[in-house]
Amino acid sequence: MQETINRRGFLKIGATLATVPVFSQLSGTYSLFAKEPSDVLKNGEVITGTHWGVLKVTLKDGKVIDSKPFFNTSKIPNSLQGNTADMIYKSRVKYPMVRKSYLENPNDPKPALRGSEEFVRVSYEDAIKLVARELKKTRTQKGPASVFAGSYGWKSVGNVHNSRILLHRFMNLSGGFTGSLGDYSTGASQIIMPHVIGSIGVYEQQTSWPVILEHSNVVVLWGANPISTLKISWQVDDAQAFAYLEKLKASGKKLIIIDPRRSETIHYFDKARWISPLPNTDVAMMLGIANHLYKKGKYDKEFLETYTVGFDRFSEYLLGKTDGIDKTTAWASRICGIDEKTIQELAELFFENRTFMMSGWGMQRAHHGEQPHWMLVTLASMLGQIGLQGGGFSLGHHYSGAGVPTRKGATIGGINAASLGYFDENGKFIGTKSSGNDAASTGESWKLKVSASSFPVARIADALLHPGKTIHHNGKMITYPDIDFIYWVGGNPFSHHQNTNELVKAWKKPRTIVMNSIYWTPSAKMADIVFPATSQYERNDIAMIGDYSKHGISPMKQLVEKQFEAKDDYQIFSDLCLAYAGKELFNAYTENGKKEMDWIEEYYNVAYNTILKTPQLVTDMKPFKVFWSENKPVVFNSSMENESFVKFKDFRDDPILQPLGTPSGMIEIYSDTIAKMNYDDCKAYPSWFEPIEWLGMKQKPAEFHMLSPHPYDRLHSQQNQTRLRDTYAVANHEPIYINPKDAAKKQIKNGDTVRVFNARGEILTGAVVTDDVIEGVICIYEGVWYDPEKPGAVGSICKNGSPNLLTIDIPTSKLANGNISHTALVNIEKYTGKTLPLTAFSAPKGA
Ligand code: PGD
């Protein structure tokens, strides 16, 4: 297919890359990836694992024609499971592509044209050589800290083809990079919680569902939407959690769901009580509840004395002794919009009953997002039920099946990010520190510099725009590096990051941006060099089922041939190693030439050997070759002990011998550590702060509060291009949910195209008029593929309707620097302009 490449362009690349010495090695001596006869099944059924569950995939004549869930444990549907064919065949990057000006002169690549300029097809070998050479140039001229490879994203499951770790492995071994800290999901909570409960709380096993079903009288879902978010897991979803939701529904327990919109979960639990505070005001509501309990003396003094520190300092704030504002139910009601009587009723209900409060994460993705979970823990401490069966709080029952009891089994291995590689003065790879190479000393200062330059993940645009700027972060100072080279895999920043227009500006700063991408996502369209990556369905892999349940192990057999010229991330990085520093680096990366099946067998055997050595772990786990040929998952046995797991029970039983990981060993309602940081935007105890934009502010910059929750019919931006979109798009745009009174005021009807805008940007959406959102609030799901009318231009309207054009890119506070995607005011109006054809899912110019 070489002949289809523009010949002038091809010759030019050949000339500019002539100095790279390893070309012949790429396709010759050392490459692992010579084409071998394929043993991919052409007809029949193959089992694979995905974020949305273990699937049975049907093949006909080498094409995927259907996919269905393997575990049928509940009647709750999962719309993400049937679209495998579209995930293989739609919107693909087919060939290696380089932006025209970059190809012509990588030293003066005209970054301002990024996004608007055409791409030129190149050969895979040339793309590899180009990236290796420009990466080396950047490191030599600007230092390794100027290479950013944080590369945040939800990638695909699979313990070998873990694209982000594969990138980090390459970047470490080849000389270092700047990474990122934290994540978008729990940016605020994962920083504040260690100060409060001594661990991150959010990514931990939670009190088991059977305990809750047996012992809780009241279950509160606070800003959690498990019917939507439990469709997916970080690893392969075990499909067990829905069955517990069904049991919860059937149990007839008192269910309170607190959310500004009637979520899918509220629809499902049709007998639940829906409480709908104004967005971003939950802390005020919780303070009102706490104030009521305090004044009525309905709180557990003994628990507070035995298991917490600082309640006395907090109560001074609660009663207004520090700021003159008594946080009464009347005060809370004025802020959150829930009447006083309801707030008082909730307080009494929680105190009188065994109450379990499950919180989602949306409310900490907001300005001052550190506060809601800290205040929730404080409220739970006042109720005094933490560590009791069916009582207390959780920060994770809505996520990755937490609460599904952990099974008795073993965990497989996975690819790692390796250590920093060292090179001699001739650029020869001499090893890593962990390989015991003492000659590896010259890179020491690099290593320090690189590890010091990592910054909080959601500060990416700020870092690009303000190199050298110093920011506060959790008691430390961080100075942004001067980023000149970005490599991204397995994520979609032009869908996930806030204030897209600012990101467009920021993206024009570095000299080089490289992506391995399966699809022409908006992020791939904004890169200079794009490698076509295989989807998980075009390679073999292995994965755990159930993040916390450790339900079993899923084979992930290749379903179809690699599409077009797509290559595995593993191959791309192995070949980059070869081009960057020859066979020594290649051997370090691949551990002397391991292929995917070698890794898969090795990882399987980590679990298998544990099982063999632990006779009490009875399973039907078989030797690898049998497992691989059987085409079915391993399922571990359940554990009676884990069925009755109660989080914080050990601490409650013995706070002296089983202390929490906080400085005091107790729950810190007041934190001395945070007090010493002296931040104006995060005090030493949970507090109400007015968000930068909210409905209660005096001079609102726009009229409606926009919520941008996780989508019901996508995993973030994954599957936006599939047939599922036909079931929810309105007027060929992402839907906007508008309350009937607001719609009437703006003369908007169901099905109209709606322009949503504020000072940061504008998008087109399709109207769904519904009382599922309260007045003054609109809802647009996140994860929409940004589709600017004028590609690459700052301020262009998005035709597909990505809410992140309207969100604010400032940190939650100096403490955590999380993103604040749920804090944004917007305007809406009926769109009467010309129809703008959707281009979100088509290839860019030249591709
Ligand atoms: P995904 O759509 O999952 O979103 O942001 P994230 O970037 O994780 O992107 C994953 C990408 O990886 C996809 O483009 C997919 O094709 C690609 N990919 C998958 N497998 C592979 C592979 O094997 N190799 C390569 N090279 N690529 C692969 C999610 C982020 O969005 C998150 S986690 C949260 S919690 C945030 N939530 C919100 C929010 O609530 N509201 C708003 N407004 N914004 C948010 N953004 C954040």
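Every number for a ligand or one of its atoms is a count from 1 in the order of the listing. Scope of the values below: all heavy atoms of this structure, side chains included, with no hydrogens, waters or symmetry mates.
The shortest N/O to N/O separation between R365 and ligand 1 falls below 3.5 Å. Looking at Y519 next to ligand 1, no N or O pair under 3.5 Å apart turns up. At under 3.5 Å, a nitrogen or oxygen of N492, whether backbone or side chain, sits near a nitrogen or oxygen of ligand 1. Of the polar atoms of W154, at least one N or O is found under 3.5 Å from an N or O of ligand 1, judged by distance alone. Checked against a 3.5 angstrom limit, the closest N/O atoms of T521 and ligand 1 fall outside it. The distance criterion of under 3.5 Å between nitrogen or oxygen atoms is not met by T807 with respect to ligand 1. In terms of polar-atom proximity, defined here as any N/O pair under 3.5 Å, S495 makes no such contact with ligand 1. Polar contact check, V489 against ligand 1: no nitrogen or oxygen pair lies under 3.5 Å apart.
Using a 4.5 Å heavy-atom threshold, the side chains of H710 and E782 count as touching. Side-chain contact between I738 and V768 is absent, with no heavy-atom pair separated by less than 4.5 Å. You'll find the side chain of Q721 stays beyond 4.5 Å of the side chain of D86, heavy atoms only. Looking at heavy atoms from C-beta onward, Q364 lies out of side-chain contact with T812 at the 4.5 angstrom threshold. In this structure the side chain of K94 never reaches within 4.5 angstrom of the side chain of Q563, judged on heavy atoms. Counting only heavy atoms from C-beta outward, the side chains of I415 and N159 never approach each other to under 4.5 Å.
Atom 20 (N) of ligand 1 has as its closest protein heavy atom S156 OG, 2.4 Å. Looking from atom 41 (N) of ligand 1 to the surrounding protein, the closest heavy atom is S708 O, 2.9 Å. For atom 3 (O) of ligand 1, the nearest protein heavy atom (residue, atom name, distance) is Q718 NE2, 2.7 Å. With hydrogens left out, the protein atom closest to atom 36 (C) of ligand 1 is Y184 CB, 3.7 Å, a heavy atom.
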With side-chain contact (heavy atoms from CB on, under 4.5 Å) as the criterion, how do M363 and H822 come out once you've worked through the C-alpha distance, each side chain's angles and the decisive distance to 0.1 Å? CA-CA 7 Å; M363 61 185 174; H822 290 287; over 6 Å; no

Take K231 and D237, measure what salt bridge (Lys or Arg N to Asp or Glu O under 4.0 Å) needs, and give me the verdict at the end. CA-CA 8 Å; K231 287 164 90 173; D237 185 59; over 6 Å; no

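Near R539, meaning under 4.0 Å from one of its heavy atoms, ligand 1 places the atoms 22 (C), 23 (O). The ligand atoms of ligand 1 that sit less than 4.0 angstrom from a heavy atom of N516 are 25 (C), 26 (N). Counting the atoms of ligand 1 from 1 in the order shown, those under 4.0 Å from a heavy atom of S717 are 1 (P), 2 (O). Interface atoms of ligand 1 facing D569, defined by a heavy-atom separation under 4.0 Å, are 22 (C), 23 (O), 24 (N), 25 (C), 26 (N). Taking a cut-off of under 4.0 Å to the non-hydrogen atoms of N804, the atoms of ligand 1 that pass are 42 (C), 43 (N), 44 (N). The S185 neighbourhood of ligand 1 comprises atoms 33 (S), 35 (S), with distances under 4.0 Å to a heavy atom of that residue. Each of the atoms 2 (O), 3 (O) of ligand 1 lies under 4.0 Å from some heavy atom of L715.
With R714, H710, H496 as candidates, the residue nearest to atom 37 (N) of ligand 1 on a non-hydrogen basis is H710. One option in Q498, H822, H716 has a heavy atom closer to atom 1 (P) of ligand 1 than any other, and that option is H716.
Residue contacts with ligand 1, taken as heavy atom pairs separated by less than 4.0 Å, do not involve W361 at all. At a heavy-atom cutoff of 4.0 Å, ligand 1 is contacted by the side chain of E782 but not by its backbone.
In this pair, Y184 and H496 present their aromatic rings tilted. The plane angle is within the 30 to 60° band. Between Y399 and W154, the ring-plane angle classifies as perpendicular under the 30° and 60° cut-offs. Relative ring orientation between Y589 and F573 is described as tilted, the plane-to-plane angle lying within the 30° to 60° band. Taking the six-membered ring for Trp and thresholds of 30 and 60 degrees, F148 and W488 have ring planes inclined between 30 and 60 degrees apart.
A ring-ring contact (aromatic ring centres under 6.0 Å, His included) with W520 is found for exactly one of F119, F494, W785, Y786, namely F119.
Taking 4.0 Å as the cut-off, G490 counts as a neighbour of ligand 1 on heavy-atom distance. Within the structure, the closest approach of Y152 to ligand 1 falls below 4.0 Å when heavy atoms are considered.
A donor-acceptor pair under 3.5 Å is absent between the side-chain atoms of S228 and the main chain of N225, judged by distance alone. Formation of a donor-acceptor pair under 3.5 Å by the H367 side chain with backbone atoms of I820 is not found in this model.
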